[in-house]
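Below is one structure, written out as structure tokens, with a few remarks after it.
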Amino acid sequence: MNVHALLSHFPFRWNLPAGMGFKNNPVLQRELLVNLRTNRAFILLAVYQILLAAVTLIAWPSDERLNLTENPPSARRLVDLFFLGQYVIASLIAPSFAAGTISGEKERQTYEMLLASPIRPGAIVLGKLIAALTHLALLIVASLPIIVLFLPLGGVSVYEVAAAYLGLFVSVILFGAIGVFCSSYFSRTSNSLVVSYLVILPLVIGGILLWQSLATDGLLRLKVIVFIVPAFAIAAVTLMAAATASRLLYPPDVGSEGKEIIDLEQEAAEAVGLVIQPDQFPDRLFAPPRRDTLMNDGANPVYDKEIHGEIFSQGTLMLRLVIQISILLAIPLMGVLLFWLTPHAPWFAVYVIVFNLLVGPVFLAGTFTSERERQTLDLLLTTTLSPWKIFWGKFVVGFRVAFVLTSFLVWPMLLGIALNPQFYTNWLFIAGLFAIPIAVSVVNAFVAITASLYQNRTVMALMTTYVVLIVLYVIPPGLNTLASTLDFSESTLQWINWIGVTSPFRALFALPMDQHLFDSDGEIFYEGQPSLVVGYFVCSVLIVAISMFLISIKMKRLGGHLE
């Protein structure tokens, strides 16, 4: 019997509402064609597969004969590292695809045309979300043949692998929904991207801790990943998708009647939680009040315009969310790491560095690309200001805002160290905890503004900055962890250890600690690796010097208006 004839006997309709299906959703079809046909999609897939294949080749046992009846713990650690690595990579990539889904329409000035179409808001959100995550889902599926090769080594069952992939897919959907949700609240992709990362950061930390804490109880971990995690993710995704669709149905940010500049007084009156007050300390450090007097003679008009106008041109929502989310996470971390688990105190500095890594580039990666996008760079270059004066005006403003926002997290660290006598005998350790984040702030600023000079779009400059910093900061510790897990030779470990001079994370955990931080009366202390710490600062100076060299080349071209 014909299937269509059989279904026609049922009294209810099987077709989804117009625009809600996969075949007849124009938003989904258009986004898939655009995303999957770009060079970035193929390059990312190829690089991802090459990296996984390299890890597999390095980790594969070299023994001529294997005993497959045993369950070696090294195989389990390797599989755990494999899935945790994919989990972290998914948390980094998902917002980059999803955070610009709606804000990108606003930047391209097609947002109102999309809302005026007959497509339902729910169909728009569904299409944007699925299209943004399809490529990332392909990356995860592409890793399946690699993990199948590890199964014969033992240490993990097929059910645990299936549960891990289920958790990965659920996490990707959740991270993508967060990106789309944030994208609907901001008119710039860079703002929605950084807020998405800050919201996802606690989830990533919690997921890693949950996975590691349940490592000894495979059955319990299986139940949590299969039942609890999907239930939480489905509820969160449903609520965020409904809120995003409601915002598209009754959009508060349409129309061009002077709404490019937000009324700060009205925004402050409607704000929930923190309210920025530019006339009071410390708010005036990163968001001073608008000028109501003439500039002094010799003042840099670029600096004055950026510090008083650009920060407020899109409102203070991003700034307020950044401050509130970061402080909310910093308070419990301070109590745990600086008072209870003092040997793990460097992890608080890691949190400060990650915050600056996510937030700092936002204020510098768009300094020159935003001028190109507004087509005002040529006008700016025709003024009497030199290119270097323009550069330093923009750089000082971006660095000042990023540094002050980062310092909000330094205060809890300073307070925790001052109130805990265990730190009083560790002056070198304390100096390193503060000096390394300062060096990171400077390096991040120069890398971001260099990317802004050489890219044409803010999003590309921001992603370029993140890629460069991840290569410098994250890959060396990852290689060190992989080498330790696979029991590499001592010479190989030393070689990989010296690669870590580019990473502030490796430098933080190379700081010396005495027996007081270990809360021991005996001779328990950690000598650290002073050479690695010194090497990091030398490497930071070299990175800044290379950035300045690239900046000087571009400044000469800007001086000749070769754009």
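Residues Phe175 and Tyr87 are in side-chain contact: their nearest non-hydrogen atoms beyond the backbone lie under 4.5 Å apart. Contact check for Leu248 versus Tyr111: side-chain heavy atoms found under the 4.5 Å cut-off. The shortest distance between side-chain heavy atoms of Asn456 and Thr369 does not fall below 4.5 Å. Between Arg221 and Leu210, every side-chain heavy-atom pair lies at or beyond the 4.5 Å cut-off. Using a 4.5 Å heavy-atom threshold, the side chains of Phe399 and Ser441 count as touching. Looking at Phe446 and Ile543, their side chains never come closer than 4.5 Å, going by heavy atoms from C-beta outward. Side-chain atoms of Thr406 and Val359, non-hydrogen and from C-beta on, never get closer than 4.5 Å to each other. The side-chain heavy atoms of Leu203 and Ile178, taken from C-beta on, include a pair separated by under 4.5 Å.
Expressed to the nearest 0.5 Å, how far CG of Leu329 lies from OH of Tyr351 amounts to 4.0 Å. For the atom pair NE2 (His344) and CG (Leu338), the distance works out to 12.5 Å, reported to the nearest 0.5 Å. The distance from the CG atom of Leu321 to the SG atom of Cys182 is 8.0 Å, given to the nearest 0.5 Å. Here Ile331 contributes atom CD1 and Leu409 contributes atom CG; the two are 10.5 Å apart, rounded to the nearest 0.5 Å. Between Leu469 atom CG and Ile475 atom CD1 the span is 11.5 Å, to the nearest 0.5 Å. Taken from CD1 in Ile353 to CZ in Phe348, the straight-line distance is 11.5 Å, to the nearest 0.5 Å.
Across all their heavy atoms, Pro121 and Ala245 have their closest contact at CB-O, 3.4 Å. Pairing each heavy atom of Met463 with each of Ser96, the nearest pair is CE-CB, 3.5 Å. Shown here for Asn480 and Arg506, the closest heavy-atom pair between the two residues is ND2-NH2, 3.6 Å. Lys128 and Leu114 get closest at one heavy-atom pair: CE-CD2, 4.3 Å. Considering every non-hydrogen atom in both Pro437 and Val352, the closest pair reads CB-CG1, 4.2 Å. The two residues Ala445 and Phe395 make their nearest non-hydrogen contact at CB-CE1, 3.7 Å.
Remark: the backbone N or O of Arg457 is not paired with any side-chain donor or acceptor of Glu373 at under 3.5 angstrom. Looking at Lys394, its side chain never comes within 3.5 Å of a backbone N or O of Gly366 through a donor-acceptor pair. No donor-acceptor pair under 3.5 Å is formed between the side chain of Ser503 and the backbone N or O of Gly500. Put simply, the side chain of Gln455 never gets that close to the backbone of Ala451: no donor and acceptor are under 3.5 Å apart. Using a distance-only test at 3.5 Å, with no hydrogens or angles considered, no donor-acceptor pair links the side chain of Ser452 to the main chain of Ala448. Not a single donor-acceptor pair under 3.5 Å links the side chain of Ser246 to the backbone N or O of Ala242. Judged by distance alone, with hydrogens and angles left aside, the side-chain atoms of Thr502 form a donor-acceptor pair with the main-chain N or O of Leu472 at under 3.5 Å. Ser103 places no side-chain N or O within donor-acceptor distance of the main-chain N or O of Ser187, the cut-off being under 3.5 Å. Ser183 contributes no side-chain N or O that, together with a main-chain N or O of Val180, makes up a donor-acceptor pair within less than 3.5 Å.
For an aromatic pair to be called close, the ring centres must be under 6.0 Å apart, and Tyr466 with Tyr197 satisfies this. Here the two rings, on Tyr454 and Phe368, have centers that are 6.0 Å apart or farther.
By the 30° and 60° cut-offs, the orientation of the rings of Phe509 relative to Trp347 is perpendicular. Ring planes of Phe97 and His135: perpendicular class, angle over 60° (limits at 30 and 60°).
The number of heavy-atom neighbours closer than 6.0 Å to CZ of Phe339, taken from other residues, nucleotides and ligands shown, is above 12. Counting non-hydrogen atoms of other residues, nucleotides and ligands closer than 6.0 Å to CZ of Arg400 gives a total above 12.
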* To do: May I have the step-by-step check of side chain to side chain contact (heavy atoms under 4.5 Å, CB included) for Phe355 and Leu201, ending in yes or no?
  => CA-CA 9 Å; Phe355 175 83; Leu201 179 60; over 6 Å; no

* To do: Give the intermediate values and the outcome of side chain to side chain contact (heavy atoms under 4.5 Å, CB included) for residues Val237 and Phe181.
  => CA-CA 9 Å; Val237 170; Phe181 177 73; over 6 Å; no

* After noting the C-alpha distance and the side-chain angles of Thr458 and Ser370, does the key distance pass the side chain to side chain donor-acceptor pair (under 3.5 Å) rule? -> CA-CA 6 Å; Thr458 301; Ser370 61; 5.4 Å; no

* **Verdict with supporting geometry, Thr110 and Glu105, side chain to side chain donor-acceptor pair (under 3.5 Å)** => CA-CA 5 Å; Thr110 57; Glu105 301 284 351; 2.4 Å; yes

* Asked: Where do Ile102 and Thr244 land on the side chain to side chain contact (heavy atoms under 4.5 Å, CB included) test, with the steps shown first?
  -> CA-CA 10 Å; Ile102 298 177; Thr244 306; 3.8 Å; yes

* Derivation of the side chain to side chain contact (heavy atoms under 4.5 Å, CB included) call for Lys223 and Ile228 -> CA-CA 7 Å; Lys223 293 180 179 179; Ile228 298 178; over 6 Å; no

* **Tyr165 vs Ser143, side chain to side chain donor-acceptor pair (under 3.5 Å): CA-CA, chis, key distance, verdict** => CA-CA 10 Å; Tyr165 270 103; Ser143 68; 3.0 Å; yes

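When each of Val443, Asn444, Val442 is tested with Val440 by the rule side-chain contact (heavy atoms from CB on, under 4.5 Å), just one qualifies, namely Asn444.
For Leu166, the side-chain contact (heavy atoms from CB on, under 4.5 Å) test picks out Val170, Val226, Pro230, with sequence neighbours left out.
Geometrically, Arg247 engages Tyr185 in a cation-pi contact defined by less than 6.0 Å to the ring centre and at most 45° from the axis.
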